[in-house]
Amino acid sequence: TGRTPRYGYHLPEQRLGTVRVELREQPRVNSDWGALGCWIGRQVSDYWQVPVITGLEVEPTVDQLKQLGASLASYGSLAMFHLVGVTPEARTVEEAFGNRTPDRTLVLEPGGLKRVYQTFQAERSKPDVVAFTAPQLSVVELRDLAALLEGRAVHPGVRLLLTTNYQNRAAAEKLGYTATIRQAGGLLLSGACFYLMTARELAEKHGWRTILTDSAKLANIIPGYGYNPVFRPTDVCVEAAVRGELPW
């Protein structure tokens with residue numbers, strides 16, 4: 001009919017913040033934003049709650065916001081967040097809450113993000129798969145991974161997988177990122193995230209169990225397919241892929 005329901009997050013009052021999240025530790029790398037989303041989502045698991053994140057001292061990239069949103073949705077079924085000074089309806093804390101008092105306040109203390117990583121422990125010292133996926137990788141993320149892999153070789157006992165969309169794959173081909181990833185022993189796939197690629201059947205066929213990833217979202221989803229997920233920062237994942245062992 002060409003109409004939009006007058007319901008849910010289409011309504012301005014529904015988009016107002018409900019939970020205040022105070023940062024006393026700053027996310028630095030992309031995966032830290034996924035860890036932050038995991039930390040919030042585990043405590044605020046309610047679709048109708050809207051976290052308002054305050055105390056940010058760094059400027060997030062689009063990819064970091066992508067990781068945060070994906071993780072919040074995965075761990076808390078959260079459909080929306082405000083980041084004060086960054087997102088459009090949160091120029092100030094008062095605007096984000098509509099001058100209302102938050103229902104509750106969460107405080108991320110120093111060391112909180114590392115503790116999130118540590119909740120994902122490996123059953124083995126060697127990863128079977130290292131996966132960069134979920135959400136699909138941007139051209140910038142592919143560039144950064146290619147730089148980390150340049151001149152190196154993935155351990156023969158480890159499968160390195162990356163996923164992106166068709167447009168980013170084409171751009172990565174032209175820019176030389178795909179060739180660098182391929183030469184290192186990685187496989188760049190397009191059109192689907194890893195967990196949609198018959199992940200259980202792949203595990204059964206290849207004997208895969210331990211999967212290392214910098215995606216908090218994937219680490220939450222993949223146990224349902226029989227994997228032991230280990231969530232770590234991107235550079236740690238690359239080092240593990242090359243050395244064939246988990247450093248921490």
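These values consider heavy atoms only, across backbone and side chains, with no hydrogens, waters or symmetry-generated copies. Index from 1, following the sequence.
Placement of Val130 and Leu162 within a single hydrophobic cluster is found when ILVMFWY residues are connected by side-chain heavy-atom separations under 4.5 Å, directly or transitively. Placement of Val19 and Met80 in two distinct hydrophobic clusters is found when ILVMFWY residues are connected by side-chain heavy-atom separations under 4.5 Å, directly or transitively. Cluster membership check: Tyr9 does not share its hydrophobic cluster with Phe81, using side-chain heavy-atom separations under 4.5 Å among Ile, Leu, Val, Met, Phe, Trp and Tyr. Taking hydrophobic clusters as Ile, Leu, Val, Met, Phe, Trp and Tyr residues chained together by side-chain heavy-atom distances below 4.5 Å, Ile221 does not share a cluster with Leu137. Under a hydrophobic clustering in which Ile, Leu, Val, Met, Phe, Trp and Tyr are joined whenever their side-chain heavy atoms come within less than 4.5 Å, directly or via other members, Leu72 and Leu56 fall into the same cluster.
Relative orientation of the Trp208 and Phe194 rings is tilted, given thresholds of 30° and 60° on the angle between their planes. Ring geometry, Tyr195 versus Tyr225: the interplanar angle falls from 30° to 60°, so the pair is classed tilted.
Heavy atoms only, all atoms of each residue included: Met197 and Leu202 are closest at O-CD1, 3.2 Å. Across every non-hydrogen atom of Val242 and Arg152, the tightest pair is CG1-NH2, 3.9 Å. Residues Asp63 and Ser138 share a closest heavy-atom pair of OD2-OG, 2.8 Å. In terms of heavy atoms, Pro127 sits closest to Leu212 at CB-CB, 4.1 Å. Nearest heavy-atom pair across Ala241 and Val154 is O-CG1, 3.5 Å. Between Gln26 and Glu57 the shortest heavy-atom distance is OE1-N, 2.7 Å.
In this structure, the side chains of Leu23 and Ile53 come closer than 4.5 Å at one or more pairs of heavy atoms. Looking at heavy atoms from C-beta onward, Leu149 lies in side-chain contact with Val238 at the 4.5 angstrom threshold. A heavy-atom distance below 4.5 Å is found between the side chains of Thr119 and Arg42. Residues Leu142 and Phe132 have side chains not in contact (no heavy-atom distance under 4.5 Å, counting atoms from C-beta outward). At a threshold of 4.5 Å between non-hydrogen side-chain atoms, the residues Val52 and Pro102 do not count as touching. Counting heavy atoms from C-beta on, the side chains of Val139 and Tyr177 come closer than 4.5 Å. In this structure, the side chains of Leu78 and Pro51 come closer than 4.5 Å at one or more pairs of heavy atoms. Phe120 has its side chain within reach of Arg232: a pair of non-hydrogen atoms, C-beta onward, lies under 4.5 Å apart.
The backbone N or O of Glu245 lies less than 3.5 Å from no partner atom in the side chain of Glu239, so there is not a single donor-acceptor pair. At least one donor-acceptor pair under 3.5 Å links the side chain of Arg200 to the backbone N or O of Gly224. Gln67 places no side-chain N or O within 3.5 Å of a backbone atom of Asn30 that could act as its donor or acceptor partner. When atom types are taken as modelled, the side chain of Arg159 and the backbone of Ala131 share no donor-acceptor pair closer than 3.5 angstrom. Side-chain atoms of Thr210 never come within 3.5 Å of backbone atoms of Asn228 as a donor-acceptor pair (strictly under, hydrogens ignored). Counting only distance, with no hydrogens or angles, the side chain of Lys66 and the backbone of Gln136 share a donor-acceptor pair below 3.5 Å.
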Does the ring-ring contact (aromatic ring centres under 6.0 Å, His included) test come out yes or no for Trp39 and Tyr117, once each step is laid out?
CA-CA 10 Å; Trp39 182 81; Tyr117 289 117; over 10 Å; no
Please walk me through it: do Val107 and Arg24 pass side-chain contact (heavy atoms from CB on, under 4.5 Å)?
CA-CA 7 Å; Val107 180; Arg24 296 180 184 172; 3.4 Å; yes
Check against side-chain contact (heavy atoms from CB on, under 4.5 Å), Leu65 and Leu83
CA-CA 9 Å; Leu65 293 176; Leu83 194 53; 3.7 Å; yes
Could you walk me through whether Asp128 and Lys126 satisfy the side-chain contact (heavy atoms from CB on, under 4.5 Å) test, starting with their C-alpha distance in whole Å, then the side-chain angles of each, then the deciding distance to 0.1 Å, before giving a yes or no?
CA-CA 6 Å; Asp128 299 308; Lys126 180 187 82 66; 3.3 Å; yes
side-chain contact (heavy atoms from CB on, under 4.5 Å) assessment of Val21 paired with Val44:
CA-CA 11 Å; Val21 179; Val44 189; over 6 Å; no
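Once rounded to the nearest 0.5 Å, the distance linking CG of Asp235 with CG of Asp144 reads 11.0 Å. If you take CD on Gln43 and SG on Cys38, they are separated by 9.5 Å, rounding to the nearest 0.5 Å. To the nearest 0.5 Å, the span separating CG on Leu113 from CG on Leu36 amounts to 6.5 Å. Leu145 contributes atom CG, which lies 6.5 Å from atom CD1 of Ile181 (distance to the nearest 0.5 angstrom). Note that OG of Ser71 and CG of Asn220 are 7.5 Å apart. Values are rounded to the nearest 0.5 Å. The CG atom of Leu68 sits 6.0 Å away from the CD1 atom of Ile40 when rounded to the nearest 0.5 Å.
Salt bridge status for Arg115 with Glu25: absent, with no side-chain N to carboxylate O gap under 4.0 Å. A salt bridge is defined here as a Lys NZ or Arg NE, NH1 or NH2 lying under 4.0 Å from an Asp or Glu carboxylate O, and Arg169 with Glu173 meets this definition.
For the side chain to side chain donor-acceptor pair (under 3.5 Å) condition, the pairs that include at least one residue of residues 81-91, sequence neighbours left out, are Arg15-Glu89, Arg91-Glu95.
For the side-chain contact (heavy atoms from CB on, under 4.5 Å) with Val129, the lone residue among Thr213, Leu161, Val158 that qualifies is Leu161.
Side chains of Thr18 and Gln49: a donor-acceptor N/O pair is present below 3.5 angstrom, by distance only. Checked by atom type, the side-chain pair Ser31/Asp214 shows no donor-acceptor distance below 3.5 Å.
More than 12 non-hydrogen atoms from other residues, nucleotides or ligands lie less than 6.0 angstrom from CD of Glu201.
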